[in-house]
Amino acid sequence: MTKLVINEKKTLGHIEPEVYGHFSEHLGRCIYEGIYVGENSDIPNENGMRKDVVEALKELKVPMLRWPGGCFADEYHWKDGIGPKESRKKMINTHWGGVVEDNSFGTHEYMELCRQLGCKTYVNGNLGSGTVQEMSEWVEYMTFNGVSPMADLRAKNGHEEPWHVDFFGVGNENWGCGGNMTPQHYANEYRRYQTYVRDYDENYPIKKVCCGANVDDYHWTEEVMRTTFDHAEKFHGFMDYLSLHHYTFPHGWDLKGSATDFDEATWYKTLTQTLYMDELITKHSTIMDQYDPQKKIGMAVDEWGAWYTCEPGTNPGFLYQQNTVRDSLIAGITLNIFNKHCDRVKLAALAQMVNVLQAVLLTEGEKMIKTPTYHVMHMYRYHQDADLLQSQLVDDTTTGIDEWMVPKVTESVSKDADGVITITLNNLSVTDTEQVEVSFFEDGYKVQEARIVTGEAMNTYNTFENPEAVVEKAFDGIEQTNGKLLVSLPAHSVVLLRVKK
Ligand code: AHR
């Protein structure tokens, strides 16, 4: 039996809602078809946004949405995506599938989407192939309230009022698709470009995201911190976040592996890669600590999730993949890791929102289904804006096959403003139920709500014909005795408990 000891008297930090953020790129069918179908579509929409998708996303309490990329961001020239749609420039999306990008979804449409979702905006600027002036003018276009060429242009295009840009990425993956730069070169470019990302409204300062490392490139973190920190220390708003990207590839970047057809060894191998996020955050954060021990600069894990070989028969450049019970564990494990690191991880974005990589929603024409990952994100929404509580597993053991050993259980615990405690538990075993005894500092806690996401098998998934093979359900595997909870955690499951005195 595993024991989970919770000290509800000890708060370790605050879980920022933006840790539960999402990412939407001009990639495959994420934006076009998945979210935006245009005002003239037969698919029910509001100002071009699919109503079914927006409604489902609102249930997740999406706190923030990153756009327009990804690699696309460093090729995106924002002026192509404003003004009358018929005269917007058509171009080839060279990065993703070589298809025509007609720019019908641009700045105004993105802002409208965020308005409908009620979420914060995270715009990723183009440092790789764009100019300082272009970046500066985009910020002016979006946020300046007054007389200026860009504010006038915005008004001419139908939006008199400025919008709020909550987060702004100064480049994306500039060590790779964003210009193949060295860390020193990028860091100097960051210093220059960010200068012109101006705060036009002092009530809504823009939080800037500096491009951080690819997975375990600790040298990048070290050099970027070294080259920028004199300014980050002196000037408020110089750098608010440093990013980190880490994807789970079952068989590595080259082979990836099927989303739905895998054996038990691959299940454990995949989860070891997901668990690696903990080590990555710890090590990058330790480097950041040498400069920023007070953790004023947050870590933004603004791309995470599973990346498989795309679904057979689909455009390989579209990164369309299915989503199984394994993905629900990948989501549950990762979000527990983020919660535990809430002192440093202040923002994150699952890649990507619809129809791409570990999507929460899949669409086919007018049909839409929720993936297992959706249901986990829905259960975990209670952690948003809550305080992390001290919690620890005792007598816990590992499971796995060959060298792919993983803990049987992972967890995180938070308390919201109403004093309700949220406990999220994952059973990583493919085959075995695990008994978990949950105890508190004080007695008297009662379960208010218990939910579970699991499926018949480790690779069960939802299809357009059978959309409810994996859903969130009420969970009754709990006994309450002597102030403790005995939870019978089914194999390959993610469980939510909400308790209060
Ligand atoms: O999410 C897909 C791609 O992965 C993004 O465009 C890029 O930033 C990363 O390499």
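Both ligands and their constituent atoms are indexed starting at 1 by order of listing.
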Let me know which of W78, W163, W138 forms a side chain to side chain donor-acceptor pair (under 3.5 Å) with T107. W138
Electrostatic pair R381:E59 at N-O distance under 4.0 angstrom: no
With distance as the sole criterion, is a donor-acceptor pair present between the side chains of D302 and Y122 under 3.5 Å? yes
Describe, in one word, how the ring planes of W67 and Y110 are oriented to each other, choosing from parallel (under 30°), tilted (30 to 60°) and perpendicular (over 60°). parallel
Using a strict 4.0 Å threshold on nitrogen-to-oxygen distance, state whether E137 and K79 make a salt bridge. yes
Charged N to carboxylate O below 4.0 Å: is that the case for D289 and K295? yes
For atom 1 (O) of ligand 1, what's the nearest protein heavy-atom neighbour? Residue, atom name and distance, please. Y247 OH, 2.7 Å
Pair E109 + K85, salt bridge at N-O below 4.0 Å: yes
Atom 10 (O) of ligand 1 - nearest protein heavy atom and its distance: E173 OE1, 2.7 Å
Which of the atoms of ligand 1 are close to N172, meaning less than 4.0 Å from one of its heavy atoms? 8 (O)
Let me check something: any side-chain donor-acceptor pairs from residues 177-185 under 3.5 Å, sequence neighbours excluded? List them with distances.
| residue | atom | partner | partner atom | Å |
| --- | --- | --- | --- | --- |
| T182 | OG1 | H185 | N | 3.1 |
| Q184 | NE2 | E223 | OE1 | 3.1 |

Mode of W253 contact toward ligand 1 - side chain, backbone, both, neither (heavy atoms, under 4.0 Å): neither
With atoms numbered from 1 as shown, which atoms in ligand 1 lie under 4.0 angstrom from a non-hydrogen atom of F23? 1 (O)
Out of all atoms in ligand 1, which are within 4.0 Å of some heavy atom of C71? Include the element for each. 5 (C), 6 (O), 7 (C), 8 (O)
Relative to atom 7 (C) of ligand 1, which among H26, E303, H245, H95 owns the nearest non-hydrogen atom? E303
Salt bridge between E55 and K51, side-chain N to carboxylate O under 4.0 Å? no
Atoms of ligand 1, numbered as shown, that sit under 4.0 Å from any heavy atom of L357: 1 (O), 2 (C)
At under 4.0 Å between heavy atoms, what of W96 touches ligand 1? The answer is side chain
Ignoring angles and geometry beyond distance, decide whether W307 reaches within less than 3.5 Å of ligand 1 through its nitrogen or oxygen atoms. no
For F72, state whether at least one heavy atom is located under 4.0 Å from any atom of ligand 1. no
Need the ligand 1 atom indices (1-based, order shown) with element for anything under 4.0 Å from a heavy-atom of G70. 5 (C), 6 (O), 8 (O)
Of the backbone atoms (N, CA, C, O) and the side-chain heavy atoms from C-beta on, which set of V356 has a member under 4.0 Å from an atom of ligand 1: side chain, backbone, both, or neither? neither
Atoms of ligand 1 under 4.0 Å from any heavy atom of Q352, numbered from 1 in the order shown, are 1 (O), 2 (C)
